Amino acid sequence: MDAQTVFFIAMAVAVVVLVVVLSVALLSIRRNVDRMAQRVDESLRQFEMTAEDVRKTNAAVREILSDVERGVSNVTHFTEGIRALRGTVDVATKVFDHAVSPALVNVSSVLVGIKAATSHILDRFVRKEERK
């Protein structure tokens, strides 16, 4: 065998070994890339699920805030009604203070006076009868 044939055989063996090594390396790289792609897909799914949870939570929070706003509106309406009623109660209180209360005092004074007069008159008659 001459040197050129040995050189070509050595080159062919080197090329075969290089192809096998490159194939193993490329298969390993492909497996790693597949794993990375799978992990990226899982991460994206998790991100989508988290985004969906956030969307649902956001909708629930908006509903709660809507209910709170409605409640505040009802309280405001109730407060306005109380303020309007307060004006009416103030007027009624003033009427009671200026008209009804003095009239009740006068009526009670008259009743006390009548009772005192009746008591005095009855005492006079009873004493006269006791003297006889």
Side-chain angles (χ1 to χ4, degrees):
M1 262 195 188
D2 62 352
Q4 190 177 12
T5 307
V6 172
F7 177 71
F8 286 135
I9 291 174
M11 288 294 283
V13 170
V15 169
V16 169
V17 170
L18 180 66
V19 167
V20 169
V21 169
L22 281 177
S23 295
V24 170
L26 288 176
L27 283 175
S28 175
I29 290 172
R30 182 177 177 195
R31 269 189 252 126
N32 288 336
V33 168
D34 287 344
R35 283 188 206 143
M36 288 173 51
Q38 184 180 7
R39 288 183 182 165
V40 168
D41 285 343
E42 289 174 8
S43 297
L44 287 175
R45 265 189 246 117
Q46 288 293 328
F47 180 76
E48 288 172 354
M49 290 171 53
T50 304
E52 184 66 21
D53 289 343
V54 167
R55 188 192 64 75
K56 287 178 183 177
T57 303
N58 189 19
V61 167
R62 283 185 181 178
E63 185 176 330
I64 290 169
L65 287 177
S66 174
D67 291 343
V68 167
E69 287 174 357
R70 201 173 313 120
V72 167
S73 175
N74 289 341
V75 169
T76 302
H77 182 69
F78 181 74
T79 304
E80 292 299 321
I82 294 296
R83 284 186 184 142
L85 181 64
R86 184 176 175 197
T88 305
V89 170
D90 286 344
V91 169
T93 303
K94 287 179 183 176
V95 166
F96 182 79
D97 285 344
H98 294 297
V100 176
S101 182
L104 288 176
V105 169
N106 289 337
V107 167
S108 64
S109 297
V110 167
L111 289 175
V112 168
I114 291 173
K115 180 184 175 201
T118 306
S119 177
H120 181 70
I121 292 171
L122 287 176
D123 280 345
R124 291 282 224 167
F125 282 123
V126 169
R127 271 196 248 151
K128 280 187 180 179
E129 289 181 5
E130 286 178 2
R131 288 186 194 168
K132 290 184 182 179

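Since the model is a prediction, treat every value here as computed from it, not as a measurement.
No path of Ile, Leu, Val, Met, Phe, Trp and Tyr side chains, each step under 4.5 Å between heavy atoms, connects M36 with L44, placing them in separate hydrophobic clusters. No single ILVMFWY cluster, assembled from side-chain heavy atoms under 4.5 Å apart, contains both V20 and I29. V6 and I9 fall within the same hydrophobic cluster, defined by Ile, Leu, Val, Met, Phe, Trp and Tyr side-chain heavy atoms under 4.5 Å apart, directly or through other members.
In summary, D34 and R31 do not engage in a salt bridge, as defined by a charged side-chain N under 4.0 Å from a carboxylate O. R45 and E42 are not joined by a salt bridge, as no carboxylate oxygen comes within less than 4.0 angstrom of a charged side-chain nitrogen.
M11 CE to L18 CG: the interatomic distance, rounded to the nearest 0.5 Å, is 10.0 Å. Between R62 atom CZ and D67 atom CG the span is 14.5 Å, to the nearest 0.5 Å. Rounding to the nearest 0.5 angstrom, the gap separating the OG atom in S119 from the CD1 atom in I114 is 13.5 Å. Distance CZ/R124 to NE2/H120: 4.5 Å, rounded to 0.5 Å. Note: N58 CG to D53 CG = 12.5 Å, rounded to the nearest 0.5 Å.
No more than 12 heavy atoms of other residues, nucleotides or ligands sit less than 6.0 Å from atom CD of E63.
Contact of the V24 side chain with the S28 side chain is not registered, since no non-hydrogen atoms from C-beta on lie closer than 4.5 Å.
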